[in-house]
2 protein chains.
Amino acid sequence: MTLHSTNPEGRKPVIRCAACPIADRAVCSYSTARELSLLEAIKTYRTYLPGDEIQATGETAPQVGSVVEGIVSLSRLMADGRRQMVGLLFPGDFLGRATRETAPYDAIAVGQVTLCQFDRRRFETLLRESPALNRRLLDMTLDELDAAREWMVLLGRKTAREKIASFIALTARRSRAPETPEGLHIALPLTREAMADYLGLTIETVSRQIGALKRDGLIILIDARHLVIPDLDALGAEAGDDVV
Amino acid sequence: MTLHSTNPEGRKPVIRCAACPIADRAVCSYSTARELSLLEAIKTYRTYLPGDEIQATGETAPQVGSVVEGIVSLSRLMADGRRQMVGLLFPGDFLGRATRETAPYDAIAVGQVTLCQFDRRRFETLLRESPALNRRLLDMTLDELDAAREWMVLLGRKTAREKIASFIALTARRSRAPETPEGLHIALPLTREAMADYLGLTIETVSRQIGALKRDGLIILIDARHLVIPDLDALGAEAGDDVV
DNA sequence: CGTGTCCTTGACATGATTCAAGGTACGTGG
DNA sequence: CCACGTACCTTGAATCATGTCAAGGACACG
């Protein structure tokens, strides 16, 4: 089945697990070769275009799976249109909840996304028999919980400037940024609007605070979505985190 | 943590699991009688006084366990003294992480607290062999993650008035409040300061918004810590949540 | 009583939002 | 190839919600 459509959205040929780029971080990373072959038998790949809604609030998802490429945002929309992002999934992260049918937030593709998906019920069956999958899922959920709690501190107590500095520092950590003589070169994966929704700000405030960090020499803007961090420690100091 | 021999802080006689008030909600609620007897063999009870630090940020906890009575707050303290609460544990909730040695936040007793504790390493041994415990822990962690994400929406996007209304409505839901002819009668478990830390506000703003809800007839204050909700739906409408 | 903790209220300051305008980059159709 | 539309981003001025600072009240406890 090596048929590609012109549209990048849709099903894709299955990659062998042995060659999977996220094999060391994904939900299957504790699994034995035998278990991998069971997973391999039920997995399908699927790609989404930027802005595609992968799953809507309250919608029953027939599939769960791992993010292989790209970034997925999880966000909650209030009745009057206010939106708050509640999570950002990077490659290796798990999307969907094996033991729940629905999720109380929207999953939206940020940029182009490839997922390695499993039928939810078949995955759940495997889960019931596999301590390795169970344990891995628990560990990943604990990591997500830690990340959510760290974000609660940011949302509840940090200033706009600290929020922006935190986000840029986080991006630098998450994307192995190439180091040049001038500093770390990073690409911002989100639009100003998505950043605002992640940080609990408006897009104007995001724009102004990025401008302020630039004026203060903490970042060097190449264009709206690319920048250089001359001194990551100095930027981190603006983020208001105590040493962890 | 010093162990006082004087009541009420310290070790307590072990209650039989069969008579446990949180048996239906705790981490052991999926377990068979046989497994319960294994847990019973390693459990100890311990009580804490209001304000006691049950576990400090980064401190290695030799014990994990369930909240039996009282409320435990989880909070993060920033270097300059700003504090953000990142979770509230009610009876039945699990404190501590079986697969991690430390936690990045302080656990503090709100009011008097009784815990049913297990030695972390022995608990982990049981966990490795028990699908029921594993599954229950995963489900509870997913619930905590949902709660954390709901709180992110509150912290990032709600107004002070919505935050207060949300908190009072949450308290009404969590504590089976007695219904009187005038409405639901509830006790606020937190001081103004703790509410402020939970909601990402200052204590003055908390106090003013409670006053505003009172003036608008949405709540009737009995004293600073006790109030009546004449119409929970009306209060809920102030909380800014869409129907869930 | 006096002292400490918790809570409330007022006056004022300020950080972030809102409203408004314009700029840049990019793709599409004429 | 250019004009146009659209999405994304920036900037300024005014407003407003919330924080800050300050004072005092209520209550419990020794």
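Convention: sequence-line order gives letters A, B, ...; per-chain numbering from 1. Values reported hereafter were calculated over all heavy atoms of this structure, with side chains retained and with hydrogens, waters and symmetry mates removed.
Side-chain N or O atoms of A/D231 include one that pairs as donor or acceptor with a backbone N or O of A/D233 at under 3.5 Å. A donor-acceptor pair under 3.5 Å is absent between the side-chain atoms of A/D216 and the main chain of A/L213, judged by distance alone.
Sorted by first then second residue, the side chain to side chain donor-acceptor pair (under 3.5 Å) pairs that include residues 147-158 of chain A, not counting sequence neighbours, are A/R149-B/Y105, A/R149-B/E144, A/R157-B/D197, A/K158-A/S166, A/K158-A/D241. Pairs of residues two or more places apart, or lying in two chains, that qualify as side chain to side chain donor-acceptor pair (under 3.5 Å) and include a residue from residues 167-181 of chain B are B/T180-B/E182.
Scanning for salt bridge (Lys or Arg N to Asp or Glu O under 4.0 Å) contacts around A/D143 gives B/R100, with sequence neighbours left out. Listed by chain and residue number, A/R120 satisfy the salt bridge (Lys or Arg N to Asp or Glu O under 4.0 Å) test with A/E101 (two or more places apart in sequence, or in another chain). Remark: B/E162 pairs with A/R82 by the salt bridge (Lys or Arg N to Asp or Glu O under 4.0 Å) rule, at least two apart or across chains.
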Side-chain donor-acceptor pairs under 3.5 Å in residues 221-230 of chain B, sequence neighbours left out?
residue : atom : partner : partner atom : Å
B/D223  : OD1  : B/R225  : N            : 2.7
B/D223  : OD1  : B/H226  : N            : 3.0
B/D223  : OD1  : B/H226  : ND1          : 3.0
B/D223  : OD2  : B/H226  : ND1          : 3.2
B/R225  : NE   : B/L188  : O            : 3.2
B/R225  : NE   : B/L190  : O            : 3.2
B/R225  : NH2  : B/P189  : O            : 3.4

Indicate every side-chain donor-acceptor pair of residues 198-208 of chain B with a distance under 3.5 Å to a residue at least two apart or in another chain.
residue : atom : partner : partner atom : Å
B/T202  : OG1  : B/T205  : N            : 3.3
B/T202  : OG1  : B/T205  : OG1          : 3.1

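The interatomic distance linking A/R208 (CZ) with D/dC9 (C1') rounds to 12 Å, in whole Å. Taking atom NE2 of residue B/H226 and atom C1' of nucleotide D/dA26, one finds them 16 Å apart after rounding to whole Å. The distance between atom CZ of A/R225 and atom P of D/dA7, rounded to the nearest whole Å, is 15 Å.
For DNA chain C, the outermost nucleotides in 5' to 3' order that have an atom under 4.0 Å from a heavy atom of chain A are C/dA16 to C/dC19.
Overall, the helix from C/dC1-D/dG30 to C/dG30-D/dC1 carries an axis bend of 30° between its ends, with five pairs at each end and the value rounded to 10°.
With salt bridges taken as basic N to acidic carboxylate O contacts below 4.0 Å, one links B/D106 and B/R83.
Shown for residues 212-220 of chain B: no residue has heavy atoms falling under 4.0 angstrom of DNA chain C. Sorted by residue number, the members of residues 184-204 of chain B with any non-hydrogen atom under 4.0 Å from DNA chain C read B/T191, B/R192, B/E204. Contacts between residues 157-168 of chain B and DNA chain D, defined by a heavy-atom separation below 4.0 Å, involve B/T159, B/A160, listed by number.
Looking at B/L115 and B/S66, their side chains never come closer than 4.5 Å, going by heavy atoms from C-beta outward. B/R97 has its side chain within reach of A/L142: a pair of non-hydrogen atoms, C-beta onward, lies under 4.5 Å apart. Using a 4.5 Å heavy-atom cutoff, the side chains of A/L89 and A/I71 are not in contact.
Minimum heavy-atom separation, A/Y45 to A/T114: CD2-CG2, 4.0 Å.
More than 12 heavy atoms of other residues, nucleotides or ligands shown are found within 6.0 angstrom of CD on A/E53.
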